[in-house]
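Sending over a structure as structure tokens; questions will come in a sec.
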Amino acid sequence: MPDTDTIVAIATPPGRGGIGVVRLSGPLTPAIAASVLRRLPPARRAVYAEFLDADGSAIDRGIGLYFPAPHSFTGEHVAELQGHGGPVVLDMLVSRVVALGARLARPGEFSERAFLNGKLDLAQAEAVADLIDSGSRAAARSAMRSLNGQFSQRITQLVESMVRLRMYVEAAIDFPEEEVDFLSDRQITDDIAELLAEIDRVLAAAQQGCLLREGMRIVIAGPPNAGKSSLLNALAQVDRAIVSATPGTTRDVVDQHIQLDGLPLHLLDTAGLRDAADHIEYQGVSRAREAMQQADRVLVVVDDSVAVDLNALVAQLPAGVPATVVRNKIDLSGRRPGTASSANGVEVAVSAQTGAGLEGLKQHLKQAMGYQTGGEPTFIARRRHLEALSSARARVLSGQRVLAERRAGELLAEELRLAQQSLAEITGEFTSDDLLGRIFSSFCIGK
């Protein structure tokens, strides 16, 4: 059940600013707002007033707003006090509200109350945080689509299709004299196939949204003096890493965030892979290997103008981590820029010095992660959404199999029930308090 406490928090970022907003929500909101502003503002109308302390002196002056329940973000009585953005002034105002009976809000508690009061479903509530944290314009637009309910609508449509199918299956189970006709009915196999196809479409869109939210973690590795730091600088279009002709210049992991057609990329330049000459270089090589273990993809950079034992180098990579060989310095070797397949996988020929082949490398990275620009508008998604959709898909596939192999309507009905439960976790129709706690604790305080 929703909390009956009245909560308060500073809703603007920490630090000094021109404007600071204090937000409160709960049953005591009207009385607290009236005490601070001398009178309760009319519903949804801004009033200019002094913000009063307990002795009647002015803490600040600014705009007061009141949103009576249920027509508010949280579904409760909500008020906002919009004043100057000094930390001391805002702390004084929060202290005054707390003295009048409110308590400090937990991170994400306003959005949590909006969810509990039915103002947002769980996917929309998560989109609030994702909109705030957007790292690109494409991510912001996708988060807004999720906040507007487009992702939830797709999930709801899947659930409705699943419910209709369950009703058909369970009705046949309740009337066993019709079981033979039911099991031989072509319609149910067609419905299952269409349901799987729609889950695949939603899953593909969600994977794009997850990439927009989380991006790719790319580790640049390879032998010393292969041009790894130069490649980082060329992709980032900024001199982020030190470049030197002396081998072993990079001793630590150097990271840089960039955008690639709206896709966030987390690039990590690492120490050259070789037998370390001293303890410091040994630490650098160890960190390089740790970074590769956590990568979405490793770019193995080699100097194309010198002989390299590529097989031995690729053998040093972590098992299960995708890798792309980048043949750098083609301005010295004379190789033409481009992408080719080899026994070691995909190889991309580039020159970090001249920029030749870099566009091909960028296109390869997008294709490797399944990221596509244009086409159907996507929505923001999280890894838990992908896991729920994948779980639902696996359940429907299992039901399809038991129907085909065993003509077991009861098992099909149970698999469909479990698939529906997995989908309901996305919107919060079925979820645990522990999951809610983990989700909302990652939100901003005051949101």
Side-chain angles (χ1 to χ4, degrees), residues 73-75 108 110-164 194-216 261-264 369-396 416 418-432 435-436 438-444 447:
F73 174 72
T74 64
F110 288 90
S111 296
E112 181 180 9
R113 290 188 175 201
F115 165 71
L116 294 174
N117 288 318
K119 305 298 287 187
L120 300 170
D121 63 36
L122 193 53
Q124 288 176 298
E126 289 172 307
V128 173
D130 294 333
L131 182 61
I132 294 170
D133 294 335
S134 296
S136 67
R137 292 185 178 184
R141 293 190 187 101
S142 296
M144 195 62 205
R145 281 191 281 269
S146 290
L147 181 56
N148 286 337
Q150 292 186 24
F151 184 27
S152 301
Q153 289 170 8
R154 297 287 294 274
I155 298 301
T156 300
Q157 289 168 1
L158 281 176
V159 170
E160 289 174 351
S161 298
M162 208 164 287
V163 168
R164 286 194 298 269
E194 177 56 33
L195 179 60
L196 283 169
E198 182 59 23
I199 291 175
D200 286 341
R201 286 190 286 269
V202 176
L203 184 57
Q207 287 170 336
Q208 295 291 301
C210 192
L211 280 175
L212 284 174
R213 180 178 183 271
E214 300 184 4
M216 296 168 56
D261 289 342
L263 174 63
M369 292 300 289
Y371 180 69
Q372 300 173 357
T373 56
E376 181 182 355
T378 188
F379 37 76
I380 212 72
R382 300 186 173 203
R383 290 194 183 274
R384 78 169 193 90
H385 302 152
L386 301 185
E387 291 169 1
L389 284 164
S390 297
S391 174
R393 185 180 187 278
R395 289 296 185 183
V396 176
L416 290 174
L418 293 173
Q420 181 182 341
Q421 183 173 297
S422 294
L423 293 178
E425 291 179 354
I426 295 176
T427 56
E429 294 177 30
F430 175 84
T431 190
S432 65
L435 175 61
L436 292 180
R438 292 200 306 271
I439 290 172
F440 287 108
S441 65
S442 66
F443 281 36
C444 303
K447 196 58 185 169

(message) Let me confirm one number: the CD-OG1 distance from E112 to T74, rounded to the nearest 0.5 Å.
(response)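 Reported value, rounded in 0.5 Å steps: 11.5 Å.
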
(message) Under a 3.5 Å distance rule, please check whether E198 uses its side chain to pair with a backbone N or O of L195 as donor and acceptor.
(response)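 Side chain of E198 to backbone of L195, a donor-acceptor pair under 3.5 Å: no, none is there.
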
(request) First locate atom CG of L116, then atom OG of S111, and finally report the distance between them rounded to the nearest 0.5 Å. (result)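 If we round to the nearest 0.5 Å, L116:CG and S111:OG are 11.0 Å apart.
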
(message) Do I155 and L389 have side chains that approach each other closer than 4.5 Å (heavy atoms only, starting at C-beta)?
(response)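 Result yes, sub-4.5 Å side-chain heavy-atom pair found.
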
(request) Show the numbers, then the answer: is there a side chain to side chain contact (heavy atoms under 4.5 Å, CB included) between I426 and L122? (result) CA-CA 7 Å; I426 295 176; L122 193 53; over 6 Å; no

(request) Find the distance between CZ (R383) and CD (Q207) and round it off to the nearest 0.5 Å. (result)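 That separation rounds to 10.5 Å.
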
(message) If the condition is salt bridge (charged side-chain N to carboxylate O under 4.0 Å, His left out), which residues does R164 pass it with, not counting sequence neighbours?
(response)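 Residues passing salt bridge (charged side-chain N to carboxylate O under 4.0 Å, His left out) with R164: none at all.
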
(message) Do Q421 and R395 make a side-chain contact, defined as non-hydrogen atoms from C-beta onward lying under 4.5 Å apart?
(response)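 No - every pair of side-chain heavy atoms lies 4.5 Å or more apart.
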
(message) Could you check whether any side-chain N or O of N148 sits under 3.5 Å from a backbone N or O of Q150, counting only pairs where one atom can act as donor and the other as acceptor?
(response)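 Absent.
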
(message) Just so I know, are the side chains of L203 and L386 near enough to count as touching, which here means a heavy-atom distance under 4.5 Å?
(response)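 In contact.
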
(message) Within this structure, what is the CZ-CZ distance for the pair R113 and F73, rounded to the nearest 0.5 Å?
(response)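 Answer rounded to 0.5 Å: 12.0 Å.
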
(message) For a quick test of reading the model, state the closest non-hydrogen atom pair linking V396 to M162 and the distance between them.
(response)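 Minimum heavy-atom contact is CG2-CE, 4.1 Å.
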
(request) With sequence neighbours excluded, tell me which residues meet salt bridge (charged side-chain N to carboxylate O under 4.0 Å, His left out) with E387. (result)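 Checked E387 against salt bridge (charged side-chain N to carboxylate O under 4.0 Å, His left out); zero matches.
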
(message) Please enumerate all residues that pass side chain to side chain contact (heavy atoms under 4.5 Å, CB included) together with S134, with sequence neighbours excluded.
(response)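 Residues passing side chain to side chain contact (heavy atoms under 4.5 Å, CB included) with S134: L131, A139, A140, A143.
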
(request) Just jot down the salt bridge (charged side-chain N to carboxylate O under 4.0 Å, His left out) partners of R393, sequence neighbours excluded, or say none. (result)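 With sequence neighbours excluded, R393 shows a salt bridge (charged side-chain N to carboxylate O under 4.0 Å, His left out) to D200, given in chain and number order.
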
(message) Whether R201 and E194 form a salt bridge (side-chain N of Lys/Arg under 4.0 Å from carboxylate O of Asp/Glu) is what I want to check.
(response)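 Answer for the salt bridge query: yes.
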
(request) Please list all pairs passing the ring pair (Phe, Tyr, Trp, His ring centres under 6.0 Å) test where one or both residues lie in residues 143-162, with sequence neighbours left out. (result)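 Ring pair (Phe, Tyr, Trp, His ring centres under 6.0 Å) check on residues 143-162 returns F151-F379, F151-H385.
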
(message) I need the Q157 CD to S152 OG distance, nearest 0.5 Å.
(response)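 Here the rounded value is 11.0 Å.
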
(message) If you compare all heavy atoms of S391 against all heavy atoms of S422, which two are closest, and at what distance to 0.1 Å?
(response)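 In terms of heavy atoms, the two residues are closest at OG-OG, 3.1 Å.
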
(request) State the CD-CZ distance between Q153 and R145, to the nearest 0.5 angstrom. (result)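 That separation rounds to 13.0 Å.
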
(message) For the backbone of R213 and the side chain of R382, can you confirm whether one donor and one acceptor N or O come within less than 3.5 Å of each other?
(response)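 No, R382 side chain to R213 backbone: no donor-acceptor pair under 3.5 Å.
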
(request) Check whether any side-chain heavy atom of I380 sits under 4.5 Å from a side-chain heavy atom of E126, and report yes or no. (result)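 A side-chain contact is absent here, since even the closest heavy-atom pair is not under 4.5 Å.
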
(request) Check whether any side-chain heavy atom of T156 sits under 4.5 Å from a side-chain heavy atom of D121, and report yes or no. (result)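 With C-beta onward as the side chain, the pair stays apart.
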
(message) Can you pull out every ring pair (Phe, Tyr, Trp, His ring centres under 6.0 Å) where at least one residue sits in residues 116-135? Sequence neighbours excluded, please.
(response)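 Matches after skipping sequence neighbours: none remain.
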
